[in-house]
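Report on one structure; see the data block that follows.
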Amino acid sequence: MLEFLQSGPVQSALLLSAAAALLCGALGLFTVLRGQAFAGHALADVSSAGGAGSLLFGISPLLGFLLFGVAGVAGLEILQPRRAAGRDEAAGILLGAGLGGTALLLHFCVTTHGAAGTAQAVMFGAMFSTPSDTALWSCLLAGGCLAVLALIARPLLLASLDEELARVAGVRLRALGLVFLLLLALGVTLAAMTVGAILATALLIGPAAAGLRLARGPLAAALLSMALGLAACWGGIVLAYESYGWIPGRTWPVSFFIVALLLLFYAAAGLRRRA
Amino acid sequence: MSYLVEIWLAVGLVALAAGAAGYIVVIRRAGFAAHALPMAAFPGAAAASLFGFPLWAGLAGVALSGAGLLALVQRTARRDAATALLLALLLAVGALCLSLSGHYAGSVYGLLFGQVFALGTEDLPVLGVIGLCVPVLLFLALRPLSLSALSPELMRVQGGRPFAMEVFFLAVLALAAGFAVPVTGALLVFSLMLGPGAAAARLCGSPLPGLALAMGLALGLAWAGLGLAFLTDWPVGFFTGVGAAAIYLLVRVKTG
Amino acid sequence: MLSRLGLGAVLALAGQMAMAQPVLRAVGLESQYADVLAQIGGPYVKVSAIQSNPNTDPHEFEVTPSVAQIFQRADLVVENGLGYDGWAAEMLEGTHAKVLSAQKLLNLPDDTPNPHLWYRTDTMPAVAASAASFFEAKDPAHKAVYAANLKKFDTSLVPWKRALAQVKAKYAGAPIAVTEPVADYMLQEAGLKIMTPLSFELSIMNDTDPSPQDVAAEEALLRGRRVRVFAYNEQVTDPQTQSLLTLAKRHDVQVLPVYELMPASAAHYQDWMMQTTEALNQALAASAK
């Protein structure tokens, strides 16, 4: 156990995945309540196009990811109809347009830079070796997002549960929705950069869906969701560490363990609620 | 010359299937599922390469089990949450199979994302079956499919089974996408689905003209994208993706 | 007077070039294969390279119509094989082009884990010989040119092989670290000992998660300066390999840049290999101090 904790890659993974899990766990509660799971996934995919963009325009990858995330939110705001029913198709069309744009950017990268190097979107995690300055930035940004989310949590919850009531209470629904989407874009971008795009989606939805099945109040659901996300991440890292040598010369990816644990929690929560 | 004809034909067939499926996807509000289920091609191909069974078996097996799983979980849970978890599961299992196989895996990624201009004559039968069967199947099941989407209660009263329709629809979607994606890529299939489908659903009140319009729009979009790609030498996915968004916005503005 | 002579020479050369109309078209999927084809074919073969970086994230990269058109017209296409350029296989099936696969020329089984064949000394001679005999059969009029070019090409590889043998004689058994198996064939031919766990190399190459133990082992190699050189893939980078590069630089481990495609600094394949071997030699010498 001591050996496990002393390993540098493990420490970095524990820290980064904790930041991603806590932020995604809190954001995920509202995402699931508002039915914006697809929007969250689409934003993660669109922002990872920032990798190609940053290379083409010569800006830092972090800035590229964030700019594309914000552009994705703007696109969603334009495409998204007011009624909640059409959100699903709007997110899908944004995703198609975003991936098409990425294809074009990469086409330019490859033809204009020739063989000078291309940035890859990180599909699976790089959580075991992220440079310490990125780790610091990610934790600071995650903390900032959580603070803003805590500030708007009350009206946002009301708006997510009952739009009419919120409107009567004087909540500015459109502005609030936009702030939430921006936070969502920031959160999934951060998660996609540190733990990979797949885990960003899984951490956003899995813990929140399980938390909502178990907890009674919204605060309890949020805390439970963050705790479950953290437990899945850290459990997955332990399993990835333990699995070394199960099959000599082959590694078991940590993404697989984390997703499997999240699904297990989700299924267990369903059984418990029924019992 | 014959080569170019093949590409136009193949893309047209994919567009017909994608347009028809896209219309149903939009009226059943299954856009996320339409994005997630084609990803089954990734674990399908990776598992086939790891265990050494034929590619078609891997693709079909994973696509069908994904559709079944999604239909089951959707009964008791929030739909978009269930879909997001299925998507993560599919990709994570794909990553596991890749890691355990220890081969160079560029070919598996290539299989998932496909290349429109890389298709050959031997792909045409597969695409032909998809391009003809999907619209015909969906046309035959159009009434129960739209009824179960609009009002499952009414359908149940009439003695229909909405759950069976859901399984049927997801299975058609998963199989068609699972076999079309390795040929043309996920991006093309997906961008041809939602834009035309959503536009047609807004313009047409009843299912049959809606289905026809969606197929027509998808065909036009696909061929226009292909033509522009030939003219500019830019990737075709860019034109179809952005074109779908443009069609959708235009219709939104017109219908208010 | 001198300039007029020069002009005359240029004109004469231009006239000769204009007379030498290309009769065949050949394609190298990766720029290094295209370069070898051009050296063998000379003025009689029009060679194209497919300018796609094969390790670009395929999630977002698409082949454009011009590539399909190039394949349509090609007489000969050289591919690497081993799934490295698997995207082309289907595209080539409908064409009349003859396909040469470096993998098949070397009789490698399909489950060979390392596809970066151009770093082997025996790959390009085999490709060049097959290409030359194809050109000779298709265009017998210029048979002598192709044969002479092949001979010239084989001779031009001798300095590289000699340099590699010198590295081996001097540094055999020296420990080195890598990120991906890009240059592993060459490093092994130079008798060097690759300390990076193979499972780590495969994870990086296939874009899946590496195991924490492998990352720790790799970092320890650099941090403890247990390796003399760190071979770094300059073309395909991600946050993970970049942090390893930072680590190597911080601990003064010599860095050897390696490539998936011909870098701009090299005019020809043999220059590239020579540059890499010299860089390897210098890095090993510098690390000995």
Side-chain angles (χ1 to χ4, degrees), chain A residues 28 31-32 35-38 40-42 75 78-79 81 85-104 106-108 111 123-124 197-199 201-206 208-209 212-213 247 249-253 255-260 262-263 266 270 274, chain B residues 22 25-26 29-32 34-36 73 76-89 91-96 98-102 109 185-188 190-195 197-198 201-202 225 233-249 252:
Chain A
T31 311
V32 173
Q36 286 186 317
F38 194 16
H41 173 75
I78 295 170
L79 288 170
R87 279 182 184 163
D88 179 71
E89 59 194 52
I93 286 163
L94 172 79
L95 184 60
L99 290 180
T102 315
L104 186 66
L106 271 174
H107 170 76
F108 286 143
T111 47
M123 188 132 125
F124 298 104
I198 308 311
L199 281 185
T201 301
L203 283 176
L204 188 69
I205 304 306
L212 279 172
R213 279 181 159 186
I247 301 177
R250 301 276 183 268
T251 51
W252 294 70
S255 303
F256 170 74
F257 286 121
I258 294 180
V259 170
L262 284 174
L263 285 175
Y266 181 68
R274 227 173 289 165
Chain B
V25 162
V26 168
R29 303 208 176 108
F32 199 6
H35 170 66
V73 179
T76 58
R78 285 166 205 270
R79 199 171 179 180
D80 61 339
T83 315
L85 290 175
L86 176 80
L87 176 64
L89 176 71
L91 293 170
V93 168
L96 177 69
L98 272 193
S99 281
L100 292 184
S101 79
Y109 283 97
L187 172 57
L188 185 72
F190 183 70
S191 61
L192 287 177
M193 261 201 252
L194 283 197
R202 279 171 179 269
D233 206 32
W234 290 359
V236 65
F238 168 71
F239 295 110
T240 51
V242 173
I247 290 181
Y248 177 74
L249 269 183
R252 274 268 309 279

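Worth knowing before you read on, the calculation uses all heavy atoms, side chains too, and leaves out hydrogens, waters and symmetry mates. Here is the naming used below: chain letters follow the sequence lines, and residue numbers restart at 1 for every chain.
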Q.
With rounding to the nearest 0.5 angstrom, report the CG to CG distance, A:Leu262 to B:Leu89.
A. 11.0 Å
Q. Between A:Tyr266 and chain B, which part of the residue has a heavy atom less than 4.5 Å away: side chain, backbone, both or neither?
A. side chain
Q. What part of B:Leu249 lies closer than 4.5 angstrom to a heavy atom of chain A: side chain, backbone, both or neither?
A. side chain
Q. Of the listed residues (A:Gly101, A:Ala37, A:Gly35, A:Ala209), which shares the most heavy-atom pairs with chain B below a 4.5 Å separation?
A. A:Ala37
Q. Step by step, would you call B:Arg202 with A:Glu89 a salt bridge (charged side-chain N to carboxylate O under 4.0 Å, His left out)?
A. CA-CA 12 Å; B:Arg202 279 171 179 269; A:Glu89 59 194 52; 3.8 Å; yes
Q) Taking atom CD1 of A:Ile93 and atom CZ of B:Phe190, what is their separation to the nearest 0.5 Å? A) 8.5 Å
Q: Kindly compute the distance separating CG (B:Leu87) from CD1 (A:Ile198), expressed to the nearest 0.5 Å.
A: 6.5 Å
Q) Is chain B contacted by the side chain of A:Ala202, its backbone, both, or neither, given a heavy-atom distance below 4.5 Å? A) both
Q. Could you give the distance from CG (B:Asp80) to OG1 (A:Thr31), rounded to the nearest 0.5 Å?
A. 9.5 Å
Q. Where does B:Val25 contact chain A at under 4.5 Å (heavy atoms): side chain, backbone, both or neither?
A. neither
**Q.** Most chain A-contacting option - heavy-atom pairs closer than 4.5 Å, from B:Gly22, B:Ala84, B:Ala82
**A.** B:Ala84
Q.
Taking side chain as everything from C-beta outward and backbone as N, CA, C, O, which of these in B:Ala246 sits under 4.5 Å from a heavy atom of chain A? Side chain, backbone, both or neither.
A. neither
Q.
Quick check for you: to the nearest 0.5 Å, what is the distance between A:Leu99 atom CG and B:His35 atom NE2?
A. 7.5 Å
(Q) Once rounded to the nearest 0.5 Å, what's the spacing between atom OG1 of A:Thr251 and atom CG of B:Leu96? (A) 9.5 Å
**Q.** Proximity breakdown for A:Ile247 and chain B, heavy-atom pairs closer than 4.5 Å
**A.** side chain
Q: Could you tell me which of B:Ala201, B:Ala34, B:Ala36, B:Ala81 has the largest number of non-hydrogen atom pairs under 4.5 Å with chain A?
A: B:Ala81
Q) Where on A:Val32 is there a heavy atom nearer than 4.5 Å to chain B: the side chain, the backbone, both, or neither? A) both
Q: Among B:Val26, B:Asp233, B:Leu192, single out the residue with the greatest number of heavy-atom pairs under 4.5 Å to chain A.
A: B:Asp233
**Q.** Parallel, tilted or perpendicular, as decided by the 30° and 60° cut-offs, for the rings of B:Phe32 and A:Phe38
**A.** parallel
Q | Side chain proximity check, B:Leu85 to A:Leu263, heavy atoms < 4.5 angstrom | A | yes
Q. If only atom types and distance count, is the side chain of A:Arg250 paired as donor or acceptor with the main-chain N or O of B:Ser99 below 3.5 Å?
A. no
Q: Please report the C-alpha distance between A:His41 and B:Thr83 in whole Å, then the side-chain angles of each, then the deciding distance to 0.1 Å, and finally whether the side chain to side chain contact (heavy atoms under 4.5 Å, CB included) criterion is met.
A: CA-CA 11 Å; A:His41 173 75; B:Thr83 315; over 6 Å; no
